[in-house]
2 protein chains.
Amino acid sequence: MNILPTPQQLRYLLALADHGHFGRAAAACAVTQSTLSAGIIALERQLDAALLERSQAKRPIFTPLGLEVLARARVALASLAAVTETVAAARDPLTGPLRLGVIPTIGPFLLPRLMPALRHAFPRLKLWLREDQTEHLVAALESGRLDVLLLALPCACGQAASLPVATDPFLAALPEGHRLAALDSVPVAALAAEPLLLLEDGHCLREHALDACGLPKSMGTVGEGFAATSLHTLVQMVAGGLGVTLLPRLAVAGGVLAGSGVVVRPLRPASGSAPPGRTLALAWRDRSPRAPEFRSLAPAIAAAIGGG
Amino acid sequence: MNILPTPQQLRYLLALADHGHFGRAAAACAVTQSTLSAGIIALERQLDAALLERSQAKRPIFTPLGLEVLARARVALASLAAVTETVAAARDPLTGPLRLGVIPTIGPFLLPRLMPALRHAFPRLKLWLREDQTEHLVAALESGRLDVLLLALPCACGQAASLPVATDPFLAALPEGHRLAALDSVPVAALAAEPLLLLEDGHCLREHALDACGLPKSMGTVGEGFAATSLHTLVQMVAGGLGVTLLPRLAVAGGVLAGSGVVVRPLRPASGSAPPGRTLALAWRDRSPRAPEFRSLAPAIAAAIGGG
DNA sequence: CTGTTTCCATCGAAGGTTTCGATGAACATC
DNA sequence: GATGTTCATCGAAACCTTCGATGGAAACAG
């Protein structure tokens, strides 16, 4: 019962899965091919199970059981690393590498302000960035490829712990001279009656905007081919008179309008409703040893947003 | 960055935490005291952190950081063991030790039938039993002291995965000669108007019964001191004329009435409501490597309940 | 068909790590 | 202050991992 695989063996297995080649996997582990080969054979013997189908010619193929073991091995090595991380994080909070994922409707507008602030506040933090849509970020977070996310709630962020850092109200974005632009604030209902342009599917802002307007999720954009791929292109489409849209205040403060001629107006919510907007939040694996660090990142980010 | 603790070191640490004594911990690990001592010192040196306060006289004390490391170490060793378990479970489903937790309102009535059935269906399964209230079982499940639970839904079973195995309707239990006993079936409302006896707090059946009667959770029993500690004592109290109660059909089939003179009648739900009852379910850690095994346990249990 | 190349498994030897038993030092108890 | 308990330290022995070399199988080219 109590013969555990050695971490070495699991590392060899992971490397083999990543490289699909004994020789290259061995090189990646900085051992010789014979060592890696023997290590994996020993693992298979200990477990008394075939994890691989080998062949001289083709890349080795993992058996179904091998794939399961592989997944467990990743978890096991990660939780072993978590022991070390716990100590490192306790001794030296907010230093070392930190992999931050951020959604495209936040990143370009906040990072130019946030990064210098973080560099100043935590000079020993090495921040790696990845910009992607919520769904991909959450997957990367859960599989350990990212440490923290900066995204917009509400979202399906699974088992992650999250902490709101700011609210980000939506503004009505209108072409110059649009009749609604004459108003001080635009009622939500009036905006919803206009041709509404949106980001393409997969951007959480699309759903948040539809929700803010009280429209169903399935609603398409005007002309299916014209869903925008970024807020910048969306603004250009509004400037071109194709329709109107909602923009997060953060993006406007971040300069998304950039001389496009598009004007923004505050939204007036339907009476009794909350002002339409989204909540920016930090998220992390709730079992991460660095959770306390991440929590203490929130004020710095809130300051960067507020100070815009 | 990439120097991980060895599983050995973590085992030594766990043993020390369990025994509070280097010598005894070493014995438990089947190594000498010097080996264990050196192992833990090496771990502290590698992590570059004090995990223990040592003293010749008193048992060693874990530092706060030491306690955190300890918790991580347990997780790490468990996930290492999960690799092995994955293989063992795939090769030999439903063999070996299985630690089953069961709530007191199921156990005494189902196990006498269930155990022989399981022994017959899975002769190589070594079933360890623990009877306790839902809350304690769930805690034991999550900390790895139990593998599977047999409990009643709805309940707060946290992150556990669960699978319903049977519905267990409630029956009205009345003293012999009670006027409601003259009816073929007792309306819920009529029962709720009687003095209602319940199990003491902590038993999920208490809340399920109150819920079935449409009564608030805070409702006390008739005479605070008289909350019953088991279904058997509850039946005796009903027999003694102190009031009426609800019994799960499973318990009645399991012989809880046992010549007490108490009679049971089906409950007639308020029109439009579902028949009052509870759902019996299996639950397990959703990441357990043995999850497929546990799932395949459900039919056997359902059969044991149905065949009552 | 044959020589060449690529790939993975096997083997003995070298090197490193872990473990043991003995010993030493600190502390409490009597 | 004598004694017993507890944990750290040390050198030697056992153990395990790794290496480089070698072998055999499969694809490929000529």
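Inter-residue side-chain proximity for A:Ile40 and A:Leu16 is flagged as met; some heavy-atom pair is nearer than 4.5 Å. Side-chain contact between B:Trp284 and B:Leu163 is present, with at least one heavy-atom pair separated by less than 4.5 Å.
Without hydrogens or angle criteria, B:Arg285 side chain to B:Leu141 main chain gives a donor-acceptor distance under 3.5 Å. In this structure a side-chain-to-backbone donor-acceptor pair under 3.5 Å is present from B:Thr63 to B:Ala50.
Atom CD1 in B:Ile3 sits about 10 Å away from atom P in C:dT17, given to the nearest Å. The interatomic distance linking B:Gln46 (CD) with C:dT17 (C1') rounds to 12 Å, in whole Å. The separation between B:Phe22 atom CZ and C:dA26 atom P is 17 Å, rounded to whole Å. Separating the CG atom of A:Leu52 from the C1' atom of C:dA9 is a distance of 13 Å, rounded to the nearest angstrom. Across the protein-nucleic acid pair, B:Ile40 atom CD1 and C:dT19 atom P stand 12 Å apart, rounded to whole Å. At whole-Å resolution of the value, CG in A:Leu51 and P in C:dA9 are 12 Å apart. Protein atom CG of A:Leu16 is 11 Å distant from nucleotide atom C1' of C:dC8, rounded to whole Å.
Taking a cutoff of 4.0 Å between a charged side-chain nitrogen and a carboxylate oxygen, A:Arg24 and A:Asp18 do not qualify as a salt bridge.
Under 4.0 angstrom from either OP1 or OP2 of D:dC7 there lies no side-chain N or O belonging to B:Ser37.
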Using a 4.0 Å heavy-atom cut-off, write out nucleotides 12-22 of chain D from 5' to 3' as B (base contacted by protein), S (sugar-phosphate only) or - (no contact). -----SSBBB-
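Position along DNA chain D of the nearest nucleotide to B:His21 versus B:Ile41 favours B:His21 as the more 5'-ward residue.
Residues A:Leu118 and A:Leu127 come closest through the heavy atom pair CD1-CD2, 3.5 Å.
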